[in-house]
Structures are given as C-alpha cells and as structure tokens.
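Whatever order the structure lists ligands and atoms in, that order sets their numbers, starting from 1. It should be emphasised that the depicted structure is a prediction, and the values quoted were computed from it without experimental measurement.
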Amino acid sequence: MRIVLLGAPGSGKGTQAQRLQAKYGVPQVSSGDLLRDAVARDTELGRRAKVVMDKGQLVSDDIVLGLIRDRLARPDAANGFILDGFPRNIEQANALSALLAEIGQPVDVVLLLDVRRETLIQRLAGRRTCPKCGTVYNVHALPAGVTQCSKDGETLYQRPDDREDVVRERLEVYAQKTQPLIEHYTKQGLLRRVAAEGTLEEVFERMESAALAKPVPASKVKVSRRAAAASGKVSAKSPARKKARPQRSRIAKRGKARVGATSVRKKSTRVAVRKGRGKLAKKVAKRPARAVRSARRAK
Ligand code: AMP
C-alpha cells in the first residue's frame, strides 16, 4: 500500500493516516512531523525550518525532500507508506515520482480529503496535539476539563501554526501551491476524491472504498477555477457571467422541457419524431401542416 494523502490543513490527513497505519501496518510518513521533530531536537535544519513554519509558509523543497528520502529508506517503509503532507507543490511531486521510480515503489493512489473552508478553520482553531505521541484532539470533542493525552498523559498543546492568522496563511498557501496537484494527479489517473466531513469512521470507510475504486478519467473530473488559475491554465478573474438558463421543469423527464415561456421537446424526443419513431411521431404525422394550423387559429 503506497498512498499519498492530499488535502488542506485540517482536512484530517494526519488522523486518518494514523488509522491506516494501525489497520494496515504501513507507516505514516508526515513531512510536518519530520520537520517538527527536527525543530524539537533543535538541529540546524530544525531552526531554519521553524522560522518558515511559524509563518505558515512552505519549507524549502530540498530540506523536505532530504527528510522524506531518509525516512523512506528506513526498513519499515519497504512494504509501503502513507505520505501525509508531502508533496505540497508540483516540484515536490516530480521529485517524489523520480525518487519512487528509483526505489521501485510507485504511488498506488492519491486520496484527496475534501472539506469545506469553514470546517477547516473550526477544526484547526480547536486542534490540540500531544507533544509526545503526536495524537491529535479537538477541544470541541474532548470532555470538559480534559487537557491531557489519553495515551501517555502528556499535556496537550496548540501548535503555533494553528493560530488564526497563521491558519489563514496556510490555507492561502494550500490554494496557491498545493491545489494544482489535484489536476496533476488526476491526469495521471491516481486521484480519488473523498468527502472528508462526518465521523472519523465514516471518512475512513470512504477512504478505504475510494482506494479500491477505479480511477476517474481526467475528462470527467472538474478542476476548480482557483486550482486551474493557480496552475496557470486560466485567468484567476471570475468568468463573465453567463446568461441565466431557465430552469428545466419536471416535464423534461417526460419528454418536454419548459424554456422560458415556451414548451420545447427534449433532443432525444425531437430526434425520435424526426425519424418517425414512437407514439409522438404518429401523432405529429396525423397533424395538419403548421401553415394550416395557424390559418385555423387566425379564423
Ligand atoms: P503539516 O503538519 O503538514 O500541517 O505541516 C506543518 C508545516 O510544516 C507547514 O505549514 C509547512 O510550513 C511545513 N511543511 C510540512 N510539509 C511540508 C512540505 N511538504 N513542504 C514544505 N513545507 C512543509
């Protein structure tokens, strides 16, 4: 099992990666955790990374790629891995493909955890993390007064980059740099979209079935205008507003649709009539010509 988890900060990548790890025995490889570990050990790399992380921006590709390369070389990743938070931009995705080709372990599937912006903000603001084991909690879900990790009793803390101003910057960085990966992996036939709101169990089940589902052809997948703009495909400006299309009524299902004030037939019905097929074609055949009908009406 070789999975990439894609999704905005707060979409649940870390939590679900831990669940996948527990169930399938393949390690969660989180670039954020690797960086935080370097920060906690106060290494030269950690000190450099911290400055960038505290602002909610992306640490340089070479630092992150070095950490990922070392982590994937460890024996527990030989049978698979769950990449969480990496890659974060197109350059990292290309570097990852090259690295995985080198070690003969290509990605099986990319799961995109889809969560609305307001939910992301709420989740991140309430997020508390165990400094020792990294387990993630949410203050809204914890019983009142509980401030410690249920696994090792450590006091939970709020990550500095979960502060509101930093959260906004992280979401912006995600839209600009990471969202283009949706199109990138769609084109490779690797992307599966998972609705990631609901209980942890529901989302986990959806992820499992998405991982087994057939890939969606690139032509059928909608890429948001913002993602397309970020990848330079279209202008970021909103498109000229199209003329509002009249709503098709339920009659449409029975062969006719109302367009504005006029009743028109569905294309399939029109084709059938033209080819002389079906009941309606017979009825139309018996009808007097249009000129005769309007002459009658004029009388
Ligand atoms: P995360 O725990 O994945 O939300 O990451 C926390 C922070 O670590 C991010 O806001 C970035 O500053 C940094 N970071 C994590 N992963 C990457 C990555 N793949 N590339 C660059 N920076 C990263």
Region of [X] that comes within reach of ligand 1 [heavy atoms, distance under 4.0 Å]:
X	answer
Q57	backbone
K50	neither
L35	side chain
D161	side chain

>> Go through it in stages, so that I can follow the logic: the residues are D76 and R71, the test is salt bridge (Lys or Arg N to Asp or Glu O under 4.0 Å), and I'd like the CA-CA distance, side-chain angles, deciding distance and then a yes or no.
In response: CA-CA 9 Å; D76 65 339; R71 180 63 189 86; 2.8 Å; yes
Which residue and heavy atom of the protein sit nearest [atom], plus the separation:
atom	answer
atom 4 (O) of ligand 1	R170 NH2, 3.1 Å
atom 17 (C) of ligand 1	S31 OG, 3.6 Å
atom 20 (N) of ligand 1	Q92 NE2, 2.9 Å

> So between M53, R88, K13, K55, whose heavy atom ends up nearest atom 3 (O) of ligand 1?
Replying inline: R88
> Which residues, ordered by chain and number, are linked to L111 in its hydrophobic cluster, where ILVMFWY side chains connect at heavy-atom gaps below 4.5 Å, directly or through other members?
Replying inline: M1, I3, L5, L20, Y24, V26, I82, V109, L113, V194, V203, F204, M207
> For G12, does its backbone N or O pair with a side-chain atom of Q16 as donor and acceptor, under 3.5 Å?
Replying inline: no
> Going by the atom numbers of ligand 1, which of them fall below 4.0 Å from some non-hydrogen atom of G32?
Replying inline: 2 (O), 5 (O), 15 (C), 16 (N)
> Near R159, which atoms of ligand 1 are under 4.0 Å from a heavy atom of that residue?
Replying inline: 1 (P), 2 (O), 4 (O), 6 (C)
Examine [X] against ligand 1 and note whether any of their N/O atoms are separated by less than 3.5 Å.
X	value
D33	no
D84	no
R36	yes
V59	yes
G85	yes

> Can you find a heavy atom in the side chain of V167 that is under 4.5 Å from one in the side chain of P9?
Replying inline: no
>> Between S150 and Y137, is there a side-chain heavy-atom distance shorter than 4.5 Å?
In response: yes
Salt bridge [X]-[Y], side-chain N to carboxylate O under 4.0 Å:
X	Y	value
K132	D152	no
R116	E197	yes
K177	E172	no
R168	D165	no

> Around atom CG of N79, are there more than 12 heavy atoms of other residues, nucleotides or ligands at under 6.0 Å?
Replying inline: no
